[in-house]
Amino acid sequence: MNPTYVPNNTIYDTGTFVTVHGARIHYVERGDGPTIVLVHGLADDARTWNATIEALAGKYRVIAPDLIGHGRSDKPLFNYRAGTFADFLSKFLDDLRIERATLVGNSLGGWASILVALNEPQRVERLVLVDSAGYADQHLPAVLNPTTLEESRELLSLVFAGKKFTNDPALAELILAARVANGDGTTIARFLESAQRNEDANDGKLSGLTMPTLVIWGEQDKLLPLSLGERFAKEIPGAKLAIIPNSGHVPQVESPQKFNEVLLGFLEQTATLTKQ
């Protein structure tokens, strides 16, 4: 899902770049304090977090990258899988000299964040999964890489709950145009193929996550239903589940005020648990 629906590109346009594994990675950084890294989902970019960045920057150092193959970051033509995004995310943290951070990941971004947390638990203070992907039995449809207006409209109906988004014909046109302008079709296609092969699935591994974890889920998510959020909360030791009503797959966009309230509450409640 591409953030053509997100207003105010000022934050995004003033971002910067760092070279990670030979690729230029674009990112936005705001604020000062404990580091929070916001990781977007498939076919999205850092703009999906605009409202969250503004809400957090008063107390935290907030960093939102465009994952490899997305947004303004380089899009090399190779096979993308969840492990690819996790490797680049980990090296991105290295190159910015971030030893420990809270990772907040939406959809694919949640999957990549889980892999980093499993591989390098010492560097993940807290983990927040927002309508996260990552199970072998999830269903990721081909319309995540729309090539027609009909597919774009179907994608909107899967991602959003509110008619403000799902019934907007102009938005469907923007989604399709974004695929052309961003040139990320190969990224999406290769990742979807990898997901179908169940590469990097988290099944049976989540008990290894011991950091404070919050699972946030849009109650009306039709792409990755709430039952998956409940499963994450059950399988991750001590994880809490927060359900955002009247929201779909991207509650940080559809219900930003409620989303930010829940996220800030978790960060404040767990602050003493993460101090060295």
Side-chain angles (χ1 to χ4, degrees), residues 35-42 44 49 65 67 80-93 98-140 144 191-219 221-244 247-252 259 262-263 265-267 269-271 273-274:
T35 302
I36 311 292
V37 179
L38 306 173
V39 191
H40 66 77
L42 185 68
D44 221 322
W49 301 110
L67 292 172
Y80 290 87
R81 53 191 284 184
T84 305
F85 298 109
D87 287 346
F88 272 84
L89 178 58
S90 178
K91 188 62 164 58
F92 172 79
L93 298 177
I98 299 172
E99 295 183 1
R100 282 174 61 82
T102 294
L103 300 184
V104 180
N106 176 217
S107 196
L108 166 60
W111 193 349
S113 297
I114 289 170
L115 294 176
V116 172
L118 287 171
N119 293 332
E120 302 176 274
Q122 74 284 354
R123 81 182 314 167
V124 180
E125 288 184 345
R126 289 164 292 203
L127 181 64
V128 181
L129 305 178
V130 184
D131 295 73
S132 180
Y135 282 118
D137 59 354
Q138 65 195 352
H139 175 60
L140 300 179
L144 288 172
F191 170 74
L192 291 177
E193 292 169 1
S194 172
Q196 289 175 350
R197 294 190 295 268
N198 292 331
E199 294 175 336
D200 307 312
N202 294 310
D203 301 61
K205 302 175 183 178
L206 297 176
S207 61
L209 297 173
T210 58
M211 66 286 297
T213 299
L214 175 65
V215 178
I216 304 178
W217 222 268
E219 189 174 22
D221 190 342
K222 301 183 194 72
L223 180 61
L224 296 175
L226 178 57
S227 59
L228 292 176
E230 294 169 340
R231 182 175 170 187
F232 275 116
K234 181 179 179 180
E235 295 185 7
I236 299 173
K240 305 298 183 183
L241 175 64
I243 300 171
I244 307 296
S247 281
H249 190 61
V250 282
Q252 73 274 21
F259 176 86
V262 169
L263 177 58
F266 170 73
L267 296 175
Q269 290 166 12
T270 55
L273 299 178
T274 58

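Just so you know, these numbers use all the heavy atoms, side chains as well, and skip hydrogens, waters and symmetry mates.
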query = Does the pair Ile216 and Phe266 meet the rule for a side-chain contact (heavy atoms from CB on, under 4.5 Å), with working shown?
reply = CA-CA 11 Å; Ile216 304 178; Phe266 170 73; over 6 Å; no
ask   = Could you go step by step and tell me if Arg231 and Asp137 meet the side-chain contact (heavy atoms from CB on, under 4.5 Å) rule?
value = CA-CA 12 Å; Arg231 182 175 170 187; Asp137 59 354; 3.2 Å; yes
request  = Any chance you could lay out the side-chain contact (heavy atoms from CB on, under 4.5 Å) test for Leu223 and Leu144, step after step, and finish with the verdict?
outcome  = CA-CA 10 Å; Leu223 180 61; Leu144 288 172; 3.9 Å; yes
task = Test Leu214 against Val262 for side-chain contact (heavy atoms from CB on, under 4.5 Å), laying out the working first.
result = CA-CA 9 Å; Leu214 175 65; Val262 169; 4.0 Å; yes
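Within the structure, the side-chain hydrogen bond (donor to acceptor under 3.5 Å, both in side chains) test picks out the following pairs touching residues 104-121 (sequence neighbours left out): Ser90-Glu120, Asn106-Gln252, Ser107-His249, Glu120-Arg123.
Residues Val37 and Pro65 form a side-chain contact, since some pair of their non-hydrogen atoms from C-beta on lies under 4.5 Å apart. Contact check for Ile36 versus Arg126: side-chain heavy atoms found under the 4.5 Å cut-off. The side-chain heavy atoms of Leu115 and Leu89, taken from C-beta on, include no pair separated by under 4.5 Å. No side-chain heavy atom of Ile236 sits less than 4.5 Å from a side-chain heavy atom of Ile114. Counting only heavy atoms from C-beta outward, the side chains of Leu118 and Asn202 approach each other to under 4.5 Å.
Judged by distance alone, the side chain of Arg100 and the main-chain N or O of Gln122 form a donor-acceptor pair under 3.5 Å. Remark: the backbone N or O of Leu67 is paired with a side-chain donor or acceptor of His40 at under 3.5 angstrom. Judged purely by atom type and a 3.5 angstrom limit, Trp217 has no side-chain atom pairing as donor or acceptor with the backbone of Pro251.
Within a 6.0 Å sphere centred on NZ of Lys91, other residues, nucleotides and ligands contribute more than 12 heavy atoms. Heavy atoms of other residues, nucleotides or ligands lying less than 6.0 angstrom from NZ of Lys222 number more than 12.
The minimum heavy-atom distance between Ser207 and Pro237, with the atom names listed, is O-CG, 3.6 Å. Nearest heavy atoms, Thr270 versus Pro212: CG2-CB, 4.0 Å. Summarising the geometry of Ala233 relative to Leu241, their closest heavy-atom pair is CB-CB, 3.9 Å, with the distance given to 0.1 Å. The two atoms that bring Leu129 and Phe232 nearest to each other are CD1-CD2, 4.0 Å, heavy atoms only. In terms of heavy-atom proximity, Leu209 sits nearest to Ala117 at CD2-CB, 3.6 Å.
The CD atom of Glu235 lies 12.0 Å from the CD atom of Glu230; values are rounded to the nearest 0.5 Å. For the atom pair OG1 (Thr210) and CG (Leu127), the distance works out to 10.5 Å, reported to the nearest 0.5 Å. With rounding to the nearest 0.5 Å, the separation of CG in Leu108 from CZ in Phe191 is 4.5 Å. In this structure, CG in Leu38 is found 7.5 Å from CG in Leu263, a value given to the nearest 0.5 Å. In this structure, the separation between CD on Glu99 and CG on Leu93 is 11.0 Å, given to the nearest 0.5 Å. The CG atom of Asp221 sits 4.5 Å away from atom CG of Asp131, with the distance rounded to the nearest 0.5 Å.
Salt bridge Lys205/Asp200: absent, no basic N to carboxylate O contact under 4.0 Å.
With sequence neighbours excluded, the residues satisfying ring-ring contact (aromatic ring centres under 6.0 Å, His included) with Phe85 are His70, Tyr80.
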